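Worksheet: the structure to be examined is printed underneath.
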Protein chains: 2
Amino acid sequence: MSGTAFIVDDDEAIRDALTWLFKSRQVACRAWPSAESFLADWKESMRGCLVLDVRMDDMSGPELFELLAERGSQLPVIFLSGHGDIPLAVAAVKKGAYDFVEKPFNDNELVDRVIQALSYDASLHERQRGQATLASRLAQITPREREVMERILDGKYNKVIADELNIAMRTVEVHRARIFEKMGVKSAVELAQLLSSLK
Amino acid sequence: MSGTAFIVDDDEAIRDALTWLFKSRQVACRAWPSAESFLADWKESMRGCLVLDVRMDDMSGPELFELLAERGSQLPVIFLSGHGDIPLAVAAVKKGAYDFVEKPFNDNELVDRVIQALSYDASLHERQRGQATLASRLAQITPREREVMERILDGKYNKVIADELNIAMRTVEVHRARIFEKMGVKSAVELAQLLSSLK
DNA sequence: GCGGCAATTGTGGTTATCCGCAACACTGCT
DNA sequence: AGCAGTGTTGCGGATAACCACAATTGCCGC
């Protein structure tokens, strides 16, 4: 399996039990005793899923979840809750939590869901790679080229673009060619499709 | 408010209470005593939201929810549950339920959520209208034109398309022009953007 | 100041697209 | 048989896109 299960729970007994459980199923994992300590170690590049206790001292699970979301984390989160709070569970899932499991939980079921989440994160990672290369290509586009590009995507003729920007048609052609080159496409249609996946 | 709250509950007292509650807040509503009876009346064109009891005889709320989804309903669904079943709630929300409310519920809170759902459905309807006109335009495209269109969207030259389909370039040009006319665009770029919103 | 980069423009020629006009074959329906 | 719709093709010309070669201007950093 590609990712790691990140366990955050203030109960050492639970951390140990989960650690043992995951190891026994060949799922890599690592545990933290508090939301704050995990947040300190968190990095954008972490791949896997978060197994997060709802009720903890200081910062709660949902609070950590929101903080991570603000910082751009897309790590799938599985909440562990010990007190049947439906509004909390519904709110968490509506905000994008991957799953919500009641304690006491069935061991096998939990591991299965974690593995699902790891797989989900892996596919998410694939998508992000595509977006990243697209973004790096977009970053090479100069401001002037961007102006031309927008108009190309409106389906405007080079002549019209030239008029709007008060430049010669030849210049537009050059920009156009550079844009295609930098974006790795060879027609306006491909460019449109490439960018439509982002918007 | 544009839509109607569709109440499905086998408890007459609840149906009456909800009906009275919604009327008092100027929310149009209508009630059914069972999933089957609602299903019999359901039509694609119904706009509003579904307020659905989880536990009912014969067909349960979640079962009705899934059936409706299979039939293409996108009606937002608010579940009413009387027995704190977290896995059920989480499963429902993950499957796209709009909300999940525990009984006994706070009257104002429920109405607020219903109004939210009605508003959501209205915006959903807007989006669907765009998709509908697009679909009706696509329906006018003949099979042969569709073959040409796919290749246009691959950014291929008319000449290449002609070779692939073993027809003259002129024919491709004619198809191309018809496609643009029927789809209401005037360039391949616009066509690509129009269709990318669908895929 | 020199090199690099972005932006600009020109010339001239090749290739593609876009269109009006005209025509023919095939299918299905009346 | 006649009509409508679809698919097909040709001719010729107008318009636009694409491209290699060549060159100028202005800004920024070393």
Side-chain angles (χ1 to χ4, degrees), chain A residues 130-199, chain B residues 130-199:
Chain A
Q131 303 264 302
T133 63
L134 206 170
S136 70
R137 285 176 177 176
L138 268 179
Q140 296 180 351
I141 300 292
T142 64
R144 195 58 162 170
E145 284 167 356
R146 196 174 305 270
E147 290 184 271
V148 174
M149 189 168 69
E150 290 169 7
R151 288 165 172 81
I152 290 175
L153 293 177
D154 286 339
K156 290 174 180 166
Y157 291 141
N158 285 351
K159 186 184 175 184
V160 176
I161 299 175
D163 284 346
E164 284 185 14
L165 299 180
N166 285 316
I167 53 180
M169 258 187 63
R170 187 65 186 88
T171 310
V172 178
E173 289 173 19
V174 173
H175 283 316
R176 190 182 186 112
R178 284 214 200 294
I179 291 168
F180 286 177
E181 189 191 349
K182 287 180 179 176
M183 298 302 288
V185 299
K186 57 187 226 312
S187 74
V189 176
E190 287 181 58
L191 183 65
Q193 293 186 331
L194 196 65
L195 294 182
S196 69
S197 71
L198 187 56
K199 279 181 180 173
Chain B
Q131 304 263 301
T133 64
L134 207 170
S136 70
R137 285 177 176 174
L138 268 179
Q140 296 179 353
I141 300 292
T142 65
R144 194 58 161 172
E145 284 167 358
R146 195 174 307 269
E147 290 184 90
V148 174
M149 189 169 70
E150 290 170 8
R151 288 165 173 81
I152 291 175
L153 293 177
D154 286 339
K156 291 174 180 168
Y157 290 141
N158 284 352
K159 185 184 173 182
V160 177
I161 298 174
D163 285 346
E164 284 185 14
L165 299 181
N166 285 315
I167 53 179
M169 259 188 64
R170 188 64 185 90
T171 309
V172 178
E173 290 173 17
V174 173
H175 283 316
R176 191 181 186 115
R178 285 213 200 297
I179 291 167
F180 287 176
E181 189 191 349
K182 289 180 178 176
M183 298 302 288
V185 298
K186 56 186 224 314
S187 73
V189 176
E190 287 181 60
L191 184 65
Q193 293 185 330
L194 196 64
L195 293 183
S196 70
S197 71
L198 188 56
K199 281 181 180 173

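In this text the structure is predicted, and so the values were computed from the model without any measurement. Sequence lines set the chain letters: A, B, ... in the order given, protein chains first and strands last, and positions in each chain run from 1.
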To the nearest angstrom, the CD-C1' distance between A:Glu145 and C:dT8 comes to 13 Å
So NZ of A:Lys186 and CG of A:Leu191: to nearest 0.5 Å the spacing works out to 12.5 Å
The side-chain hydrogen bond (donor to acceptor under 3.5 Å, both in side chains) partners of B:Arg178 (sequence neighbours excluded) come to none
Does any N or O in the side chain of B:Glu164 come within less than 3.5 Å of the main-chain N or O of B:Ile161, such that one atom is a donor and the other an acceptor?
-> no
Query - Any donor-acceptor N/O pair, B:Gln193 side chain to A:Ala192 backbone, under 3.5 Å - result: no
*May I ask you to test the A:Ile141-A:Met183 pair for a side-chain heavy-atom distance under 4.5 Å?*
yes
Atom CD of B:Glu181 and atom P of D:dG5 are separated, to the nearest Å, by 13 Å
When rounded to whole Å, the CE to C1' distance for the pair B:Met149 and D:dG7 reads 17 Å
When rounded to whole Å, the CG to P distance for the pair A:Leu165 and C:dT9 reads 10 Å
ask   = So, is A:Arg178 close to the C:dA6 phosphate, meaning a side-chain N or O under 4.0 Å from OP1 or OP2?
value = no
Short side-chain N/O contact from A:Thr142 to OP1 or OP2 of C:dA6, under 4.0 Å: no
As a check of understanding: the bend across the helix from C:dG1-D:dC30 to C:dT30-D:dA1, end axes from five pairs, rounded to 10 degrees, works out to 40°
Scoring nucleotides 13-24 of chain D by protein non-hydrogen atoms under 4.0 Å (B base, S sugar-phosphate only, - none) yields ---SSBBBB---
Between the CE atom in B:Met149 and the CZ atom in B:Phe180, the distance rounded to the nearest 0.5 Å is 10.5 Å
Practice task
Give a yes or no answer on whether the side chain of B:Lys182 reaches the backbone of B:Gln140 with a donor-acceptor pair at less than 3.5 Å.
Solution key: yes
>> If the cut-off is 4.0 Å, is A:His175 near the phosphate of C:dA6, judged by side-chain N/O to OP1 or OP2?
In response: no
Taking C:dT9, C:dA7, D:dT9 as options, the one with an atom nearest any side-chain atom of B:Ile167 is D:dT9
B:Gln140 CD to D:dG5 C1', in whole Å, measures 13 Å
Output for pair (A:Leu153 CG, A:Ile179 CD1), nearest 0.5 Å, gives 8.5 Å
